[in-house]
Amino acid sequence: MSTSVIILAAGKGTRMRSSLPKVLQPLAGCPLLGHVIETAKKLDAKNIITIYGHGGDLVQQAFTHENVQWVEQTEQLGTGHAVKVTLPVLPKNGISLILSGDVPCITQETLEKLLNVSRETGIGLVTLTLPDATGYGRIVRENGKIQAIVEHKDASSEQHKIKEINTGIYCVSNAKLHEWLPRLSNNNAQGEYYLTDIVAMAIADGLEVASVEPLMPFEVEGVNDRLQLAALEREYQADQAKKLMQQGVHLIDPTRFDLRGSLKVGQDVRIDINVIIEGDCELGNNVEIGAGCIIKNTKIASGTKVQPYSVFDNAVVGEDAQIGPFARLRPGAKLAAEVHIGNFVEVKNSSIGLGSKANHFTYLGDAEVGAGSNIGAGTITCNYDGANKFKTIIGDNAFIGSNSSLVAPVHIANGATVGAGSTITQDVAENSLAVERSKQFAKENYQRPQKIKK
Ligand code: UD1
Ligand code: CA
């Protein structure tokens, strides 16, 4: 039986007080709706149908790379109406999971459980028992069997005592959706077409309504305002931190760790506080990340130690390297094993060979550095003439004296030495010394200028 996924995302999200549609607000660096689409993809769904309304263009633009079918709900007449607008594109057979674009943390596991029980009955719900169920639709049971969902505003005082709530996540046979949705009415306290009314229709048809509970309660938490968004972010991060620790990562403080993407780890990785990891990253065995580092789309090989406050963006770092503190590796930085990059060193689109060092205040842009070279403090590769960029090539075992400017294109050959303070504009031959610096001027008993008396 083929599975479709229907995602409700037409709501305005007024309480976010944002110009960005609610489902585009980020959780762990990814739009709320993006999380739901990712989970839907894991379920091998035949089609993913998203119902949009407010900010529809922006929402669609954010997911042009995804294979999603978009259906517009021009007026928000209720959750039942929202699903009804998908009927023209919804297959007649198979089964549909109905999810919410603002409930981002629902897991594949819970949805698979729901699918399994619902395939038997034709309809199933994710429900949750809460200490305070105020505001939610209540699950009405008789002899343990679900009879109906009653919205808070329509519930009797007796029903208000029910603690089991409707999470808004359903699984329903498509044939039944085609049959039931056109029959919904808006004769209720909110004057809306309630999707929840299909439960009573199922009972009337003699069906049993299945239910499952989520593994973790935060899976079904919705986001309506910034407070809920921030709270959910922490729950999501706590869960990711837990999974990493279970894989053997030593997080010094899991409450001060943020992963906005995916992280592959080796053994005995240690991560100090306030580290942010974004995109797809990989840390090898025994890698240590100091406090306050930001690491994006970067691979760091085994044994490398990163000191605090270093920033990585699309970089690759070899084994047993030493980076930071305060290092900045920009896109295209490729460091071989045992490289040292020290404080206030910026590396962009450059490769640095085995064991080479740039320990202090340096810019290496569009450079190729061989193995065993030493780049002195304050060295700058002048790679840009204001219009074009050029390469600097430094061979093996070169020594660049402090405060040198290497004006590209330029080639410093193997074993060459550049004297401190030089502005190098011509190639330097193998094993030679180049110094570009005026002779030191000296004057004895020098009188400094005096202030002019007025
Ligand atoms: C709904 C359920 C309630 C459940 C609660 C869980 C109904 C009638 N009630 O209530 O039983 O406990 O969710 O959070 O379904 N949406 C549209 N178009 C619409 C209306 C809503 O796309 O016309 C979308 C919203 O953007 C949101 C979702 O549907 O993503 C839920 O809508 P919302 O108004 O928040 O439902 P509740 O009243 O909270
Ligand atoms: Ca509502």
Side-chain angles (χ1 to χ4, degrees), residues 5-16 18 20-25 27 31-37 49-56 59 70-87 96-106 123 125-130 132-140 146-155 159-160 162-170 172 177 180-181 184-201 209 211 213-214 217-225 228-229 232:
V5 173
I6 299 171
I7 306 171
L8 282 79
K12 203 180 198 162
T14 316
R15 283 173 281 168
M16 295 302 294
S18 174
L20 196 65
K22 178 164 77 175
V23 292
L24 293 187
Q25 301 286 341
L27 179 94
L32 296 177
L33 179 57
H35 286 272
V36 183
I37 291 174
I49 304 166
T50 303
I51 304 149
Y52 70 95
H54 291 277
V59 176
W70 299 94
V71 176
E72 187 177 12
Q73 185 194 23
T74 43
E75 271 186 295
Q76 275 72 66
L77 303 179
T79 50
H81 178 260
V83 181
K84 194 171 109 177
V85 300
T86 72
L87 290 181
S96 286
L97 283 164
I98 302 172
L99 311 178
S100 256
D102 59 0
V103 181
C105 296
I106 187 72
I123 177 168
L125 319 171
V126 179
T127 74
L128 182 66
T129 302
L130 289 179
D132 178 9
T134 309
Y136 289 100
R138 307 299 211 284
I139 305 294
V140 180
I146 295 177
Q147 298 302 311
I149 300 173
V150 181
E151 290 305 290
H152 184 89
K153 287 181 178 152
D154 299 290
Q159 287 167 332
H160 277 155
I162 299 173
K163 303 277 186 236
E164 189 184 10
I165 62 132
N166 170 31
T167 65
I169 294 168
Y170 317 79
V172 191
L177 287 173
W180 293 331
L181 293 176
L184 289 177
S185 89
N186 63 354
N187 184 15
N188 52 51
Q190 303 189 79
E192 289 178 9
Y193 295 90
Y194 290 168
L195 180 59
T196 47
D197 286 350
I198 63 173
V199 170
M201 291 179 175
V209 178
S211 68
E213 294 229 343
F218 84 91
E219 284 184 50
V220 296
E221 256 169 52
V223 173
N224 294 303
D225 59 30
Q228 289 172 340
L229 182 59
L232 192 57

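Counting starts at 1 for both ligands and their atoms, in listed order.
- Taking each heavy atom of Leu27 and His35 in turn, the nearest pair found is O-NE2, 2.7 Å.
- Within ligand 1, counting atoms from 1 as listed, the ones closer than 4.0 Å to a heavy atom of Gln76 are 18 (N), 19 (C), 23 (O).
- Using a 4.0 Å cut-off to heavy atoms of Gly11, the atoms of ligand 1 that qualify are 22 (O), 26 (O).
- Heavy-atom contacts of Ala10 reach the following atoms of ligand 1: 17 (C), 18 (N), 22 (O), 26 (O) (cutoff under 4.0 Å).
- The closest heavy-atom contact to atom 14 (O) of ligand 1, among the options Tyr170, Tyr136, Tyr194, comes from Tyr136.
- Using a 4.0 Å cut-off to heavy atoms of Thr196, the atoms of ligand 1 that qualify are 7 (C), 8 (C), 9 (N), 11 (O), 15 (O).
- Per-residue contacts place Gly137 under 4.0 angstrom from the following atoms of ligand 1 (heavy atoms of the residue considered): 3 (C), 4 (C), 11 (O), 12 (O).
- Below 3.5 Å of separation, one finds no N or O of Gln190 facing any N or O of ligand 1.
- Taking each of Gly78, Gly168, Pro21, Ala82 in turn, the one with a heavy atom nearest to atom 20 (C) of ligand 1 proves to be Gly78.
- Shown are Ile51, Val59, Ile49; of these, the side chain to side chain contact (heavy atoms under 4.5 Å, CB included) with Trp70 is made only by Val59.
- Here the shortest heavy-atom pairing between Ala148 and Val199 reads CA-CG1, 3.6 Å.
- Against a heavy-atom cut-off of under 4.0 Å, Thr167 is close to the following atoms of ligand 1: 6 (C).
- Contact between Ala10 and Gln73 at its shortest, heavy atoms only, is CB-OE1, 3.2 Å.
- Partner of Val220 under the side chain to side chain contact (heavy atoms under 4.5 Å, CB included) criterion, chosen from Thr167, Ile165, Thr127: Thr167.
- Scanning both residues, Lys22 and Leu32, for their nearest heavy atoms gives O-CD1, 3.3 Å.
- One finds the OG1 atom of Thr79 at 7.0 Å from the CD atom of Glu151 (value rounded to the nearest 0.5 Å).
- Under a 4.0 Å criterion applied to the non-hydrogen atoms of Asp102, ligand 1 contributes the atoms 27 (C), 30 (O).
- Ligand 1 places these atoms under 4.0 Å from at least one heavy atom of Glu151: 2 (C), 3 (C), 7 (C), 8 (C), 9 (N), 10 (O), 11 (O).
- Judged purely by distance below 3.5 Å, without hydrogens or angles, the side chains of Asn166 and Tyr170 pair a donor atom with an acceptor atom.
- At a 4.0 Å heavy-atom cut-off, ligand 1 touches Leu77 through the backbone alone.
- Here the shortest heavy-atom distance to atom 36 (O) of ligand 1, taken over Ile139, Thr127, Leu8, Thr79, belongs to Thr79.
- Residue-ligand proximity: Gly222 is placed with every non-hydrogen atom at 4.0 Å or more from ligand 1.
- Residue-level proximity to ligand 1 for Gln73 is carried by the side chain, the only part with a heavy atom below 4.0 angstrom.
- The closest approach between any non-hydrogen atom of Ile51 and ligand 1 is not below 4.0 Å.
- Using cut-offs of 30° and 60° on the angle between ring planes, the pair His81 and Tyr193 is tilted.
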